[in-house]
Number of protein chains: 2
Amino acid sequence: MQIIIDIDDPVPIFSQLVEQIKQAVAGEKIQPGDPLPSIRQLANDLDVNSKTVAKAYKLLERDAVIQSRGYRGTFVHPEAKDNCQIDIKAWATSQFEEFILAMRDAGVTDSEMRITFNNVLNGK
Amino acid sequence: MQIIIDIDDPVPIFSQLVEQIKQAVAGEKIQPGDPLPSIRQLANDLDVNSKTVAKAYKLLERDAVIQSRGYRGTFVHPEAKDNCQIDIKAWATSQFEEFILAMRDAGVTDSEMRITFNNVLNGK
DNA sequence: ACTTGTACCATTACCACACATGGAACATAT
DNA sequence: ATATGTTCCATGTGTGGTAATGGTACAAGT
């Protein structure tokens with residue numbers, strides 16, 4: 001597996017990692033059950049902070065594309081091929097679009113939405 | 001009618017204006033049909049920028065608490081007393097709470113929600 | 001001992017937004 | 001002329017989040 005990180009790319013590093021690993025799974029360059037490099041190992045190879053790799057792995061595990069097994073390392077998820085096609089981002093986007101349209105119809109300002117949204121997210 | 005602006009108050013000036021005018025309507029210190037000071041006049045009296053007063057008036061008009069009649073000035077809305085009780089902000093907050101909870105249940109990160117929310121708002 | 005993922009602490013840079021301010025112009029009416 | 005609300009331009013300040021960095025530490029297993 002080969003991963004290339006472009007520092008000048010406006011896309012965050014952790015996102016580049018997520019996308020390239022998903023592509024590797026979709027392109028069958030890595031198969032379900034295959035081991036992935038450890039967080040520290042990959043961080044070292046790419047000359048990137050380990051926290052950045054950890055963030056990418058965490059997102060990939062949430063999407064059930066990889067599986068973290070603690071001290072045993074990280075592996076490609078059994079149903080990775082299916083799960084890496086599911087784009088939770090696209091789904092969330094459509095949900096937000098619908099919600100925001102309803103809000104605008106109700107006369108809520110974009111500015112008010114931003115403020116309310118942040119207040120609720122921060123639990124205030 | 002008497003309006004007091006507190007610069008040190010963390011509450012934005014335009015919000016202070018909106019609240020105090022709503023209170024004046026609810027407390028029947030100004031009646032439906034009564035004229036309000038012009039934007040420039042009030043801005044001058046309070047030593048505040050006219051844009052700030054215009055913003056407050058715009059919000060009050062959206063809530064149907066006041067009515068702008070162009071060159072003729074601004075007046076208290078006929079159904080002002082009813083409308084200034086309706087708190088669109090509280091309603092929006094509850095809507096957002098419900099929506100955000102559903103998103104979290106679906107496994108969407110707060111960070112992803114922020115990004116998606118902004119993308120949709122900006123039409124990207 | 002060594003490595004695994006994970007969890008805290010922290011700082012730095014950047015960027016987007018809210019808020020407020022100022023100037024200028026417009027159409028509409030007295 | 002004067003005044004109304006409205007709309008465009010622009011700037012500055014403060015806040016807050018994202019992203020990335022670094023260090024330290026832990027439990028669990030080889």
Side-chain angles (χ1 to χ4, degrees), chain A residues 5-19 35-62 66-75 77 109-124, chain B residues 5-18 35-62 66-75 77 89 109-124:
Chain A
I5 296 299
D6 181 8
I7 303 293
D8 299 329
D9 195 322
V11 176
I13 295 177
F14 78 93
S15 288
Q16 295 184 39
L17 283 172
V18 170
E19 290 183 17
L36 273 78
S38 77
I39 290 180
R40 290 181 178 82
Q41 182 66 47
L42 186 56
N44 206 333
D45 291 351
L46 299 176
D47 201 34
V48 162
N49 193 281
S50 61
K51 314 301 176 57
T52 306
V53 179
K55 185 175 183 179
Y57 273 32
K58 201 174 183 182
L59 288 173
L60 285 169
E61 191 178 19
R62 186 203 58 182
I66 66 176
Q67 262 185 338
S68 292
R69 296 192 189 173
Y71 62 93
R72 272 165 289 180
T74 305
F75 302 86
H77 192 281
T109 303
D110 283 13
S111 199
E112 289 172 327
M113 279 194 267
R114 285 202 174 90
I115 295 173
T116 305
F117 177 70
N118 285 324
N119 284 344
V120 174
L121 263 197
N122 300 340
K124 293 173 185 173
Chain B
I5 296 298
D6 182 8
I7 303 294
D8 299 329
D9 195 320
V11 175
I13 295 177
F14 80 92
S15 288
Q16 296 184 38
L17 283 172
V18 169
L36 274 78
S38 78
I39 290 180
R40 290 181 178 82
Q41 181 66 45
L42 187 55
N44 206 332
D45 292 350
L46 299 177
D47 201 35
V48 162
N49 193 281
S50 61
K51 313 301 176 57
T52 305
V53 180
K55 185 175 184 180
Y57 273 31
K58 201 174 184 179
L59 287 173
L60 285 168
E61 191 178 19
R62 186 203 58 181
I66 67 176
Q67 263 184 336
S68 293
R69 296 190 188 173
Y71 62 94
R72 273 166 287 181
T74 305
F75 302 87
H77 193 279
K89 241 188 292 181
T109 303
D110 284 12
S111 199
E112 288 172 327
M113 279 194 267
R114 285 202 172 89
I115 294 173
T116 306
F117 178 70
N118 285 324
N119 284 345
V120 174
L121 264 197
N122 299 342
K124 293 172 185 174

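This one's a predicted model, so the numbers in the text were calculated from it and none came from an experiment. Hydrogens, waters and symmetry mates play no part in the numbers below; they use all other heavy atoms, side chains included. Numbers restart at 1 for each chain; the letters A, B, ... are given by sequence-line order, proteins then strands.
- Across C/dG22, C/dA18, D/dT6, the shortest atom-to-atom separation from the side chain of B/Ile39 is found for D/dT6.
- The 5' end of DNA chain C is approached more closely, in terms of each residue's nearest nucleotide, by A/Tyr57 than by the other of A/Tyr57 and B/Ile7.
- Between A/Phe117 atom CZ and D/dT18 atom C1' the separation is 14 Å, expressed in whole Å.
- Nucleic acid contact for A/Ser50: none, since no nucleic acid atom lies under 4.0 Å from a heavy atom of the residue.
- Distance CZ (A/Arg69) to P (C/dT6): 13 Å, rounded to an integer number of Å.
- Counting to the nearest Å, the C1' atom of D/dA19 and the CG atom of A/Asp8 are 15 Å from each other.
- Note on A/Glu112: nothing from the nucleic acid sits closer than 4.0 angstrom, heavy atoms only.
- The CD1 atom of A/Ile66 sits 14 Å away from the P atom of C/dT4 (whole-angstrom rounding).
- Near-neighbour residues of DNA chain D inside residues 9-18 of chain A, defined by a heavy atom below 4.0 Å, number-ordered: A/Pro12, A/Ile13, A/Phe14.
- Taking only side-chain nitrogens and oxygens, A/Asn49 never comes nearer than 4.0 Å to OP1 or OP2 of D/dA20.
- Regarding B/Leu59, its CG atom lies at a distance of 12 Å from the P atom of D/dT6, rounded to whole Å.
- A search for salt bridge (Lys or Arg N to Asp or Glu O under 4.0 Å) contacts involving A/Glu19 returns nothing, not counting sequence neighbours.
- If you take CG of A/Asp110 and P of C/dC19, they are 13 Å apart, rounded to a whole angstrom.
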Please write out the pairs of protein N or O atoms and N or O atoms of nucleotides 14-17 of chain D separated by less than 3.5 Å, giving the distance to one decimal.
residue	atom	partner	partner atom	Å
D/dG17	OP1	A/Asn122	ND2	2.9

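- Residues satisfying the side-chain hydrogen bond (donor to acceptor under 3.5 Å, both in side chains) test with A/Ser50, not counting sequence neighbours, are none.
- B/Glu61 is linked by a side chain to side chain contact (heavy atoms under 4.5 Å, CB included) to B/Ile66, B/Ser68, counting only residues two or more places apart in sequence or in another chain.
- Residue A/Ser38 places at least one side-chain N or O under 4.0 Å from the OP1 or OP2 atom of C/dT4.
- Distances shown here put every side-chain N or O of A/Lys58 at or beyond 4.0 Å from the OP1 or OP2 atom of C/dT6.
- With sequence neighbours excluded, no residue forms a salt bridge (Lys or Arg N to Asp or Glu O under 4.0 Å) with B/Arg114.
- If you take CD on B/Glu112 and CG on A/Leu59, they are separated by 6.0 Å, rounding to the nearest 0.5 Å.
- Scored by the side-chain hydrogen bond (donor to acceptor under 3.5 Å, both in side chains) test, A/Ser111 finds no partners at all (sequence neighbours excluded).
- Of the inter-residue distances, the one linking A/Ile115 atom CD1 with B/Lys89 atom NZ reads 8.0 Å to the nearest 0.5 angstrom.
- A/Arg72 meets the salt bridge (Lys or Arg N to Asp or Glu O under 4.0 Å) test with no other residue; sequence neighbours excluded.
- Considering only side-chain N and O atoms, B/Ser68 lies nowhere under 4.0 angstrom from the phosphate OP1 or OP2 of D/dG5.
- Residue A/Thr74 has a polar side-chain atom (N or O) positioned under 4.0 Å from OP1 or OP2 of C/dG5.
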Taking protein heavy atoms under 4.0 Å as touching, what does nucleotides 24-30 of chain C look like 5' to 3' if B marks base contact, S marks sugar-phosphate-only contact and - marks none? -B--BS-

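- Close to C/dC19, at under 4.0 Å from its OP1 or OP2, lies a side-chain N or O of B/Lys55.
- Protein atom CG of B/Asn44 is 13 Å distant from nucleotide atom C1' of D/dA3, rounded to whole Å.
- Applying the side-chain hydrogen bond (donor to acceptor under 3.5 Å, both in side chains) criterion to A/Asp110, with sequence neighbours excluded, gives A/Arg104.
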Check: residues 36-48 of chain B side-chain donor-acceptor pairs under 3.5 Å, at least two apart:
residue	atom	partner	partner atom	Å
B/Ser38	OG	B/Gln41	N	3.0
B/Gln41	NE2	B/Asp45	OD1	3.1

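- Taking atom CG of residue A/Leu42 and atom C1' of nucleotide C/dT4, one finds them 14 Å apart after rounding to whole Å.
- Here A/Glu61 lies in heavy-atom contact (under 4.0 Å) with sugar-phosphate atoms only.
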If you look only at distance, which donor and acceptor atoms sit under 3.5 Å apart when one is on a side chain in residues 5-14 of chain A and the other is two or more places apart or in another chain?
residue	atom	partner	partner atom	Å
A/Asp6	OD1	A/Asp8	N	3.1
A/Asp9	OD1	A/Val11	N	2.7

